[in-house]
Structure formats: structure tokens, C-alpha cells
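We number each residue from 1, following the sequence as shown.
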Amino acid sequence: MAKVCQLFSGSSGNSILLSSLSHTFLVDIGVSAKRCEKALQQLGVDPDNIDAIFVTHEHRDHCSGVRVFASRHKTPVFASPLSLAQMRVMGFVDDSVSAYAVEGNIQLGKTEIIPFRQSHDSVDCLGYRFNFKDGRSAGICTDTGYVTDSAKSVLKSADLVFIESNHEIAMLNNGPYPYCLKQRILGEQGHLSNFACGEYIKELAQSGTTRFVLSHLSRENNTPDLARQSALCALDEIGFKEEKDFRLFVSQLENNSRGIVL
């Protein structure tokens, strides 16, 4: 039985837990190791039992706690070669961490991990699909200015997808951010809007995905209700009904649930 849970979400820190009967993984640790350990323990997960940490990219809100957690619990860390090099420069990994470059598909026991390219203003950015022993699958598609062909190819028909629904375009345009920051977020190396998220969710639903987790919501330029309603409207356009054809979740800044069983 596979289970997933977004421990932290948003610009203040991100981390996702994925577990099966045989393995337990984290994608990103963008909060302190202490906060991540506490979140895991609240779910009944021993931090020593994390089999690997997969890092999407080197931004602080995705890897600030990686070095301390990985060195303390002897957890291997996987990231793209460029991301690893930059993480070393920034102090997010060092020689106390067993770090491995992701250059293709990875097989850890009975779990297959498939990376794919994202479009973000980092030195490099990966998303991941996890194919578990029981045939279930989950993908992570966050921190990207648009949904890449690589993401569409890899995530097709995944059982569950964490997908970025960062901002409502009107809120961002009319909000307090400086013009250059607005353009960065709206650009092809920025973040997915509610509208862009909804358009991709339609493709995923038609491919067979039945669970969606809206992630990385902006506190300033979005609300959980807006993100949820945008996704529901998109799926309604293609005749898909909640609880009948799909389940929709919205990540909180910090986890308040027991996770989602696949």
C-alpha cells in the first residue's frame, strides 16, 4: 500500500513524503531538519527509516534542511549534477552527505524513480515520478513556468500528481510585488498559475490520473479556495465530477492530515 503526504508547501518551505510497504522517500527538505523530523514523527515515521531524499532544485525553500537531515540520519541524497554542484556551493550538501547525481531512471529496491525536466529559474530543476511495487504511482510537478514535454510524457496516467497551482494571475498583476518579480513569476521559468494548472489537470485526468494535490500556493497571490475552484472548473469543462471521477486536495503550508492512500 503506497501513501503520500505533503509535509510542507509554499515559498516558506517544501517537502513531500512518499512511502510504500518497502520504501520511504522524501522529495525536498526546504525547512529545518528539526521541523522535518517533527513532522515525520507526528505521522509515525522514524526519520532514520527514510531511504532517500530526492531534491528538485537548489532553491532554499526546497533544500535548506537537506545537509543536516541527511548527515544526521545517514540518508542518501539524489539531485541533478548541476543542482548538486550548486548545493555544495551554497552549503546544502557537503562531504558528510552521501550525494548521487541523477542522470536517468533510478531503481531502489522495488521502486522505480523517473526524473523529468522542469522549466524554472534555477541552475537545473527536476520533477519525479515514483512507480511503486504494488503498481501505484505518484508524480511531483512543481516549480516550473510551464508544463514541459518531458513532464507530460513521464506523468501520463500516474495515479496521483502533486501539481503547482502557485498564483491567480489577476491577484499577482494587481498585488504589491515589484514589476520585475511579477514578470519572473509569470515567465517561462517561473511558476504555474491556477489557469495553467487547470489546463494540465485536464490532460492528466483524461490520461487516467484520479488524484490531484494542488501545491506551492502563494500566500500573497492566491488562496486555497481560488486554486481549488479553478481546478474544479477546468475538470468540469471535460465532464469530470469530483468524488466520482477524481479526488482533489489542496496542500496546506504545513501538513494537517494523515496522508493520501493510493
Side-chain angles (χ1 to χ4, degrees), residues 4-18 24-40 47 50 52-73 75-94 97 99-102 106 113 115-130 138-145 147-148 150-151 155 161-167 181 184-185 189-192 197 213-219 222 251-255:
V4 300
C5 183
Q6 179 118 38
L7 303 178
F8 302 93
S9 179
S11 57
S12 58
N14 297 272
S15 187
I16 295 173
L17 173 71
L18 305 101
T24 305
F25 306 108
L26 286 173
V27 174
D28 293 334
I29 304 179
V31 298
S32 70
K34 183 176 181 179
R35 285 185 69 195
C36 186
E37 291 161 349
K38 181 179 178 181
L40 290 171
I50 299 297
I53 302 164
F54 288 86
V55 177
T56 57
H57 62 294
E58 83 284 355
H59 286 173
R60 178 175 295 275
D61 60 325
H62 290 264
C63 62
S64 60
V66 168
R67 178 181 57 81
V68 174
F69 188 102
S71 59
R72 182 180 292 164
H73 301 287
T75 314
V77 173
F78 294 83
S80 79
L82 288 174
S83 291
L84 279 179
Q86 188 63 22
M87 288 167 66
R88 289 189 182 279
V89 171
M90 300 172 73
F92 294 144
V93 296
D94 60 18
V97 175
Y100 301 90
V102 175
I106 297 169
I113 301 95
F116 55 89
R117 295 289 170 192
Q118 301 276 61
S119 178
H120 195 48
D121 58 353
S122 55
V123 296
D124 201 6
C125 189
L126 296 178
Y128 298 97
R129 174 173 174 153
F130 292 78
I140 293 94
C141 182
T142 63
D143 291 79
T144 190
V147 181
T148 64
S150 177
L155 292 179
V161 175
F162 291 88
I163 181 166
E164 181 170 60
S165 193
N166 178 258
H167 58 276
L181 180 54
R184 169 190 171 259
I185 293 169
Q189 292 186 311
H191 293 278
L192 287 184
C197 171
V213 186
L214 307 183
S215 301
H216 213 303
L217 275 67
S218 168
R219 285 181 290 183
N222 208 354
S251 292
Q252 303 297 313
L253 292 176
E254 189 163 349
N255 175 56

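Between the side chain of E164 and the backbone N or O of L192, at least one donor-acceptor pair lies under 3.5 Å. R67 places no side-chain N or O within 3.5 Å of a backbone atom of D94 that could act as its donor or acceptor partner. Checking side-chain atoms of S251 against main-chain N and O of S215 turns up no donor-acceptor pair under 3.5 Å. Using a distance-only test at 3.5 Å, with no hydrogens or angles considered, no donor-acceptor pair links the side chain of S218 to the main chain of H167. Side-chain N or O atoms of N14 include one that pairs as donor or acceptor with a backbone N or O of D61 at under 3.5 Å. Panel note: side chain H57, backbone S80; no donor-acceptor pair is recorded below 3.5 Å.
By the neighbour-count criterion of 12 heavy atoms within 6.0 Å, atom CZ of R60 is sparsely surrounded, having that number or fewer from other residues, nucleotides or ligands.
Looking at heavy atoms from C-beta onward, E254 lies out of side-chain contact with V31 at the 4.5 angstrom threshold. Taking 4.5 Å as the limit, every side-chain heavy atom of V55 sits out of range of all side-chain heavy atoms of F92.
Of all heavy-atom pairs between S119 and T148, the closest is N-CG2, 3.9 Å. Here the closest non-hydrogen pair linking C36 and L26 is SG-CD1, 3.9 Å. Nearest heavy-atom pair across I140 and F130 is CD1-CE1, 3.9 Å. Nearest heavy-atom pair, S9 versus Q252, reported as atom, atom and distance to 0.1 Å: CB-O, 3.4 Å. The two residues I50 and L17 have their closest heavy-atom pair at CD1-CD1, 4.1 Å. For Q86 against E58, the heavy-atom pair with the smallest separation is CG-CG, 3.5 Å.
Side-chain rings of F25 and Y128 stay apart, their centers remaining 6.0 Å or farther from each other.
Each of I53, T142, T56 was scored for a side-chain contact (heavy atoms from CB on, under 4.5 Å) with D28, with one residue passing: T56.
Aromatic ring orientation, H216 versus H62: parallel (interplanar angle below 30°, classes split at 30° and 60°).
Atoms CG and CD1, from L214 and I163 in turn, are 8.0 Å apart once rounded to the nearest 0.5 Å. Interatomic distance, H191 NE2 to R184 CZ, rounded to the nearest 0.5 Å: 4.5 Å. For the atom pair CG (D143) and SG (C125), the distance works out to 5.5 Å, reported to the nearest 0.5 Å. Summarising the geometry, atom OG belonging to S15 is positioned 7.0 Å from atom CG belonging to L40; distances are rounded to the nearest 0.5 Å. Note that the OG atom of S32 and the CD atom of E37 stand 8.0 Å from one another [nearest 0.5 Å].
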Starting from the C-alpha separation in whole Å, work towards a yes-or-no answer on side-chain contact (heavy atoms from CB on, under 4.5 Å) for R35 and I29.
CA-CA 10 Å; R35 285 185 69 195; I29 304 179; over 6 Å; no

Passes side-chain contact (heavy atoms from CB on, under 4.5 Å), R129 versus I113? Steps please.
CA-CA 6 Å; R129 174 173 174 153; I113 301 95; over 6 Å; no

